[in-house]
Novice: 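Have a look at this one before I ask anything.
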There are 2 protein chains.
Amino acid sequence: MREIHHPELLQNYLQTFEIKPILNDELLPYLTLYRYDHGELICTQGDPYNHLYLLVKGKLKIFNTSPEGRTLILSFKTPLDVVGDIEYVQGTDFINTVEAVSEVHMIAIHHRWLKKYGSDHTPLLKFLLNVITKKFYVKSSSLSFNLLYPVEVRFASYLLSVCFDESDALYSGKLSTSHLIDAANLIGTSYRHLNRVIQHLSREGLVERHKGFIEVKNREGLSELANHRNIYEK
Amino acid sequence: MREIHHPELLQNYLQTFEIKPILNDELLPYLTLYRYDHGELICTQGDPYNHLYLLVKGKLKIFNTSPEGRTLILSFKTPLDVVGDIEYVQGTDFINTVEAVSEVHMIAIHHRWLKKYGSDHTPLLKFLLNVITKKFYVKSSSLSFNLLYPVEVRFASYLLSVCFDESDALYSGKLSTSHLIDAANLIGTSYRHLNRVIQHLSREGLVERHKGFIEVKNREGLSELANHRNIYEK
DNA sequence: AAAGTTTTAGGACATATGTCCTTCCCAACA
DNA sequence: TGTTGGGAAGGACATATGTCCTAAAACTTT
């Protein structure tokens with residue numbers, strides 16, 4: 001993580017995503033722009049809540065570890081999105097871990113200033129309401145999806161989400177083998193079972209197993225299998 | 001459903017749950033008090049959004065039916081809680097079906113007035129933020145719970161939620177057999193499998209099967225099995 | 001009461017998934 | 001070049017759950 005001292009870029013982001021209208025002017029001096037590299041953690045489950053983050057560039061992975069030590073993916077996020085909103089409203093520690101999937105830029109606001117200047121600012125409140133209700137929808141459909149469909153379908157959806165980041169043509173259609181254990185945890189299954197599922201998808205010609213990575217051979221077919229639902233996206 | 005013309009009772013509820021501070025005075029004349037009986041539907045998935053409801057008495061069951069026709073329980077609610085908040089913020093149709101489990105009293109506000117008088121009322125916005133983030137937490141832990149634990153554990157949790165409504169001593173510790181199919185759908189499993197699980201719980205002495213109902217024999221044991229998590233509560 | 005009908009529990013079998021362990025491959029190193 | 005260690009894939013078996021069907025029970029109708 002590195003701070004980016006680059007007022008023009010910050011202004012640029014503020015304009016692109018129309019962030020200014022939702023903040024009051026007193027808050028503007030307290031915005032900081034940060035950069036995270038692929039794999040870096042923005043925050044970890046249980047961390048005390050400090051900043052509200054606005055994701056303005058890149059892709060985030062949100063996940064959670066259960067008391068038993070199993071890891072569950074919750075979602076992927078792309079701009080514009082917010083991290084720490086729920087925690088800000090409830091004043092609680094972070095409930096999830098947030099990791100950068102690609103190079104990521106985030107605008108951070110310390111909760112001190114947010115409480116001081118923003119807690120009665122109607123546009124901000126409305127913005128948060130809007131963002132959080134959307135998160136609720138996503139969570140809600142994710143719940144149904146997980147309960148209703150087997151791992152194969154979930155993995156298809158996951159593959160589509162993780163392998164086709166437009167901003168990263170290199171990895172297009174490929175999933176590095178070293179991420180398979182992660183992937184299994186993220187989908188909510190075991191590594192062993194994921195392998196079984198990959199074998200099966202392989203036999204169906206939807207993916208191909210190569211040394212070091214898995215390649216999507218039939219994107220349409222996977223999408224079909226996943227019921228056209230990108231449950232892990234956004 | 002019946003309207004209750006009873007200004008004192010309404011006032012009483014407004015006070016008990018400290019509702020007045022979150023509403024502005026212009027809204028007060030537009031509050032209506034409704035009563036629903038056991039089994040009645042307050043709203044059905046897909047219904048256009050009309051009212052925001054405040055649950056002030058009784059217990060609600062929230063569920064959702066998938067495209068494939070399977071029914072999933074989402075939560076139970078007790079006072080004070082809100083129905084239609086997400087829909088109000090997003091301006092969308094109802095995403096879930098809401099059913100009265102016991103006799104229920106709800107205060108309804110038509111969205112017309114809410115938009116007109118409440119959309120910039122900070123205390124209301126904050127109240128909604130608070131309620132919705134709590135719902136998010138519940139949904140979030142529900143997701144993990146369902147993904148991590150087998151039906152037996154979920155059913156134990158369900159039994160504890162549904163069989164011990166303090167306001168309904170008659171049904172204490174009992175689940176009517178006629179509700180078993182419902183229960184299965186609600187937990188996200190098949191009727192067949194639920195029966196298997198009941199057999200098993202029976203052999204363990206946690207519940208007993210009688211003609212017409214299932215009786216909880218060992219509440220503590222069930223709670224233990226459910227990891228002390230009342231996932232379907234609230 | 002007898003016959004038919006509906007409801008409810010459970011049998012049989014298939015599929016989905018988890019756990020544990022073994023084998024194989026490759027890289028690092030002696 | 002042989003050895004060793006680690007990681008990745010897959011075999012074997014157990015458990016969880018779904019689907020379809022049957023048997024038993026309860027309820028209706030004649």
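Note on naming: letters A, B, ... go to the chains in the order of the sequence lines (proteins, then strands), and numbering restarts at 1 for each one.
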Novice: In B/S/- notation, 5' to 3', how is nucleotides 5-14 of chain C contacted by protein heavy atoms closer than 4.0 Å?
Specialist: ---SBBBB--
Novice: Can you list the residues that meet the side-chain hydrogen bond (donor to acceptor under 3.5 Å, both in side chains) rule with H193(B), with sequence neighbours excluded?
Specialist: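 Only R196(B) meet the side-chain hydrogen bond (donor to acceptor under 3.5 Å, both in side chains) criterion with H193(B).
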Novice: Measure from CG on L194(B) to C1' on dT19(D) and round the result to the nearest Å.
Specialist: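 Rounding to the nearest Å, CG of L194(B) and C1' of dT19(D) are 16 Å apart.
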Novice: Pick base, sugar-phosphate or nothing for S190(A), based on heavy-atom distances below 4.0 Å to the nucleic acid.
Specialist: base
Novice: Given that K211(A) and R154(A) both sit by DNA chain C, which one's nearest nucleotide is further toward the 5' end?
Specialist: R154(A)
Novice: Please tabulate, for side-chain N and O atoms in residues 89-97 of chain A, each donor-acceptor pair with protein atoms closer than 3.5 Å (sequence neighbours left out).
Specialist:
residue	atom	partner	partner atom	Å
Q90(A)	NE2	N130(B)	O	3.3
Q90(A)	NE2	N130(B)	OD1	2.8
Q90(A)	NE2	T133(B)	OG1	2.6
T92(A)	OG1	Y137(B)	OH	2.4
N96(A)	OD1	N64(A)	ND2	3.0
T97(A)	OG1	Q45(A)	N	3.1

Novice: Can you tell me how far P of dT15(C) sits from CG of L148(A), to the nearest Å?
Specialist: 20 Å
Novice: In whole angstrom, give the distance that lies between atom CZ of F213(A) and atom P of dA9(D).
Specialist: 13 Å
Novice: Kindly write out the residues that satisfy ring-ring contact (aromatic ring centres under 6.0 Å, His included) with H110(A), not counting sequence neighbours, or none if the list is empty.
Specialist: H51(A)
Novice: Once you round it to whole Å, what is the distance between P of dT17(D) and CG of N185(B)?
Specialist: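 In whole Å, dT17(D) P and N185(B) CG are 15 Å from each other.
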Novice: Residues two or more places apart in sequence or in another chain: which of them pass ring-ring contact (aromatic ring centres under 6.0 Å, His included) with F145(A)?
Specialist: Y149(A)
Novice: Listing request: all ring pair (Phe, Tyr, Trp, His ring centres under 6.0 Å) pairs with a residue in residues 194-215 of chain A, at least two apart in sequence or in separate chains.
Specialist: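 Ring pair (Phe, Tyr, Trp, His ring centres under 6.0 Å) check on residues 194-215 of chain A returns H210(A)-F213(A).
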Novice: Go through the steps for S223(B) and H228(B) under the test side-chain hydrogen bond (donor to acceptor under 3.5 Å, both in side chains), then give the verdict.
Specialist: CA-CA 5 Å; S223(B) 183; H228(B) 303 289; 3.1 Å; yes
